[in-house]
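Right, one structure below, let's go through it.
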Amino acid sequence: MSASEAARQRVEALRREIEYHNFRYYVLDQPVISDAEYDALMAELQALEAAYPELVTPDSPTQRVGAPPAQAFAAVRHEAAMLSLDNAFTEQEVRDFDRRVRDRLEVETVEYTAEPKLDGLAVSLLYEHGRLALGATRGDGFVGEDVTANVKTIRAIPLRLRGSDWPERFEVRGEVFMPLEGFRKLNAWALEHGEKAFANPRNAAAGSLRQLDPGVTAKRPLEFYAYGVGFFPKQRLPETQAGLLACFKEWGLPVARELKVVSGVEGCLEYYRDLLARRPSLPFEADGVVYKVNRLAWQERLGYTARAPRWAIAHKFPPHEVTTVVEAVEVQVGRTGILTPVAKLKPVPVGGVVVSSATLHNFEEVKRKDVRVGDTVIVRRAGDVIPEVVKVIPEKRPLAARPVEPPTRCPVCGAEAVADPGGALIRCSGGLYCPAQLKAALKHFASRRALDIEGLGEKLIDQLLEKGLVKDVADLYSLRPEQLAELERMGAKSAQNLIQALEGSKSTTLARFLFALGIREVGEVTAQILAEHFGSLEKLMAADESELEQVPGIGPVVAKHIAAFFRQPHNLNVIERLRRAGVHWQTPQAEPRPLVGKTFVFTGALTAMTRDQAKARVEALGARVSESVSRATDYLVVGAAPGAKLDKARRLGVTIIDEQEFLTLLHQFEAPGRG
DNA sequence: GATCCTCGAGTTCT
DNA sequence: CTCGAGGATC
């Protein structure tokens with residue numbers, strides 16, 4: 001046997017092995033080797049092909065990234081039109097669909113396949129003699145674009161099929177999509193490299209597949225699943241849709257893992273509810289469920305309307321992104337006087353809750369997005385929680401829509417509104433004379449992270465201010481039960497509880513007290529630093545600007561705000577009265593602080609305690625807790641379902657510990673001297 | 001002077 | 001979560 005014959009055999013064996021592992025990974029979801037081992041196989045194949053170029057074939061796994069960039073994609077006419085599906089938005093619409101199917105077929109119950117509808121890009125793949133010959137986008141359903149070079153880079157798509165019982169020529173229809181993990185990583189990478197992030201996985205998948213340079217597509221975490229056929233020799237079709245998909249799997253084409261055969265419309269709806277409940281934990285973005293009549297002969301009898309098959313329907317999930325109308329733009333006044341524009345929206349359900357307002361952050365942002373009253377806008381819940389105006393739909397702008405002008409006066413107290421040095425923010429200059437600022441200051445003072453006065457909420461603060469019972473934070477401690485009894489929804493018991501909570505709040509820490517005062521630019525972290533550095537309120541109050549600037553983390557701006565705060569007679573008066581009312585704290589005593597200088601970051605959910613508790617415990621040992629991972633981070637503590645911080649930590653080589661190791665570490669340092 | 005980290009502040013709905 | 005900007009660092 002010649003050397004090149006041995007090489008030829010080895011090359012073929014390597015290709016089969018790589019294809020087998022793709023099959024295990026993408027089709028069976030049961031990989032049997034590590035990524036590193038897979039990479040080693042690829043490396044060996046590449047080396048051999050480099051040494052024996054005559055052995056390279058177009059369907060070798062090394063040839064996934066091929067052809068130089070074209071100028072544009074060629075048009076491809078689909079042999080069978082790629083129709084879209086009809087949509088159902090309610091259970092009733094699904095029942096109607098089932099009724100139409102049963103009426104036409106004249107049967108009692110129909111079996112359906114049910115599978116998630118992923119938010120990606122529909123493609124058609126033509127296989128000839130078991131080899132991928134053409135990949136095309138859906139386009140308008142009749143003519144798409146030739147994206148063969150790009151789909152070849154997707155490892156989930158086999159370049160040659162397994163086995164041999166496939167038709168000589170047939171067309172697979174399926175969806176190219178980007179799993180959420182890959183999407184997040186791609187966006188994190190884009191942001192780090194100063195590039196624009198994709199708005200959602202769908203856009204990312206579409207943008208990646210439509211790259212002129214397949215080399216770019218190859219780097220994108222795209223996947224694929226098959227859900228149907230275009231051209232297919234009729235005599236070779238199995239009896240059912242599920243049977244067809246089973247064949248696909250055998251041939252090495254991935255199908256949806258969640259695919260299920262269900263009985264009747266009730267089976268469909270049960271499947272839908274189950275998947276909807278699991279939606280937040282799915283590894284991909286699903287926009288609904290697709291039901292198809294399982295029996296292919298019945299599909300044929302049902303046929304097509306002009307637009308869509310009669311034997312399938314897409315049952316949509318409530319959308320995360322939705323359009324609505326801006327009815328007004330209100331201006332809110334924050335604790336520090338910052339004027340924040342808030343869009344009042346025509347109430348609309350977004351991802352399960354009804355949203356009626358969304359922050360616009362600041363007036364620069366309003367200008368940038370050009371949001372006007374009367375505009376139709378796209379709204380989504382950022383991080384699936386906080387509503388956000390994504391953008392205006394300019395085509396739907398009514399002629400009467402008027403631009404939003406930044407206010408020149410505070411809408412609450414009428415004081416002059418002045419631009420912050422940075423320019424983006426506008427502030428009310430009324431200070432604590434502005435009722436809105438005073439109210440926010442009281443709320444802040446009572447908040448959990450400040451003096452933690454339980455039961456003193458917004459409604460109560462409103463009443464206290466209205467009745468003139470409270471004019472500043474110190475007045476809170478002069479409240480008497482009989483005064484409280486006059487208020488609405490305030491019985492003897494509630495009044496007693498509030499007095500109790502006020503009493504309890506008097507025992508605090510210097511850091512909390514400083515934070516509660518609401519000094520500009522002094523948040524929780526800075527308050528902690530000041531408390532540690534100065535040790536007592538007296539020393540801090542005696543410090544001048546230059547002394548303050550010596551403290552790490554305090555610069556000229558913050559120093560100025562602190563010094564100015566303690567020069568205000570009003571503030572000195574409030575502090576004096578608070579202390580006389582009995583607000584006090586322990587002088588922090590020197591405890592063993594074994595973790596001084598260490599920085600911790602948490603990601604994911606902990607089980608044994610909340611993140612706040614974990615934070616308090618490591619801080620008690622002298623460590624610092626930060627929100628984001630950087631080179632300065634010493635430990636990343638990883639809980640369940642970690643976020644992007646984990647990737648960053650890996651990249652930076654930060655020590656990563658799990659919850660168990662974290663607990664061990666705590667015990668190790670906490671145990672001695674404390675029992 | 002530019003760049004990278006952090007921090008502060010404000011935010012929705014149940 | 002998001003934006004803006006203060007502080008540290010080179």
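These values consider heavy atoms only, across backbone and side chains, with no hydrogens, waters or symmetry-generated copies. Throughout, a chain's letter reflects where its sequence line sits, starting with A, and its residues are numbered from 1.
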How close or far is atom [atom2] of [N] from atom [atom1] of [X], stated in whole angstroms?
| X | N | atom1 | atom2 | result |
| --- | --- | --- | --- | --- |
| A:Arg368 | C:dC3 | CZ | P | 8 Å |
| A:Ile529 | C:dG7 | CD1 | P | 11 Å |
| A:Glu365 | B:dT11 | CD | C1' | 13 Å |
| A:Phe363 | C:dC3 | CZ | P | 17 Å |
| A:Leu548 | C:dG6 | CG | C1' | 15 Å |
| A:His561 | C:dG6 | NE2 | C1' | 10 Å |
| A:Leu339 | B:dT11 | CG | C1' | 15 Å |
| A:Leu530 | C:dG6 | CG | C1' | 14 Å |

Using the test salt bridge (charged side-chain N to carboxylate O under 4.0 Å, His left out), find all partners of [X] that sit at least two apart in sequence or belong to another chain.
| X | answer |
| --- | --- |
| A:Lys346 | none |
| A:Lys367 | none |
| A:Glu395 | none |

Closest approach to the side chain of A:Val342, judged atom by atom: which nucleotide of B:dC13, C:dC3, B:dT11 is it? B:dT11
What is the distance from atom CG of A:Asp472 to atom CZ of A:Phe445, rounded to the nearest 0.5 Å? 9.5 Å
Distance-only donor-acceptor pairs under 3.5 Å for side chains of residues 325-333 of chain A, two or more places apart:
none

Taking only residues at least two apart or on different chains, which pairs with a member in residues 553-573 of chain A satisfy side-chain hydrogen bond (donor to acceptor under 3.5 Å, both in side chains)? A:Asn573-A:Arg577
Throw together a table of side-chain donor-acceptor distances under 3.5 angstrom for residues 514-530 of chain A, partners on residues two or more places apart or in other chains.
unit_1: A:Glu524; atom_1: OE1; unit_2: A:Arg449; atom_2: NH1; d: 2.9
unit_1: A:Glu524; atom_1: OE2; unit_2: A:Arg449; atom_2: NH1; d: 2.8
unit_1: A:Gln528; atom_1: NE2; unit_2: A:Glu532; atom_2: OE2; d: 3.0

Let me see the working for A:Leu442 and A:Val473 under side chain to side chain contact (heavy atoms under 4.5 Å, CB included), right down to the final yes or no. CA-CA 6 Å; A:Leu442 283 162; A:Val473 294; 3.8 Å; yes
Indicate every side-chain donor-acceptor pair of residues 541-548 of chain A with a distance under 3.5 Å to a residue at least two apart or in another chain.
unit_1: A:Asp544; atom_1: OD1; unit_2: A:Ser546; atom_2: N; d: 3.2
unit_1: A:Asp544; atom_1: OD1; unit_2: A:Ser546; atom_2: OG; d: 3.0
unit_1: A:Asp544; atom_1: OD1; unit_2: A:Glu547; atom_2: N; d: 3.0
unit_1: A:Glu547; atom_1: OE2; unit_2: A:Asp544; atom_2: N; d: 3.2

Heteroatom pairs (N/O) under 3.5 angstrom, protein to nucleotides 8-10 of chain C:
unit_1: C:dA8; atom_1: OP1; unit_2: A:Gly553; atom_2: N; d: 2.4

Distances for protein N/O vs nucleotides 8-10 of chain B N/O pairs under 3.5 angstrom?
unit_1: B:dG8; atom_1: OP1; unit_2: A:Gly523; atom_2: N; d: 2.7
unit_1: B:dG8; atom_1: OP1; unit_2: A:Thr526; atom_2: N; d: 3.1
unit_1: B:dG8; atom_1: OP1; unit_2: A:Thr526; atom_2: OG1; d: 2.3
unit_1: B:dG8; atom_1: OP2; unit_2: A:Val525; atom_2: N; d: 3.3
unit_1: B:dA9; atom_1: OP1; unit_2: A:Glu521; atom_2: N; d: 3.0
unit_1: B:dA9; atom_1: OP2; unit_2: A:Arg335; atom_2: NH2; d: 2.9
unit_1: B:dG10; atom_1: OP1; unit_2: A:Arg335; atom_2: N; d: 3.2
unit_1: B:dG10; atom_1: OP1; unit_2: A:Thr336; atom_2: N; d: 3.4
unit_1: B:dG10; atom_1: OP1; unit_2: A:Thr336; atom_2: OG1; d: 3.1
unit_1: B:dG10; atom_1: O3'; unit_2: A:Thr340; atom_2: OG1; d: 3.4

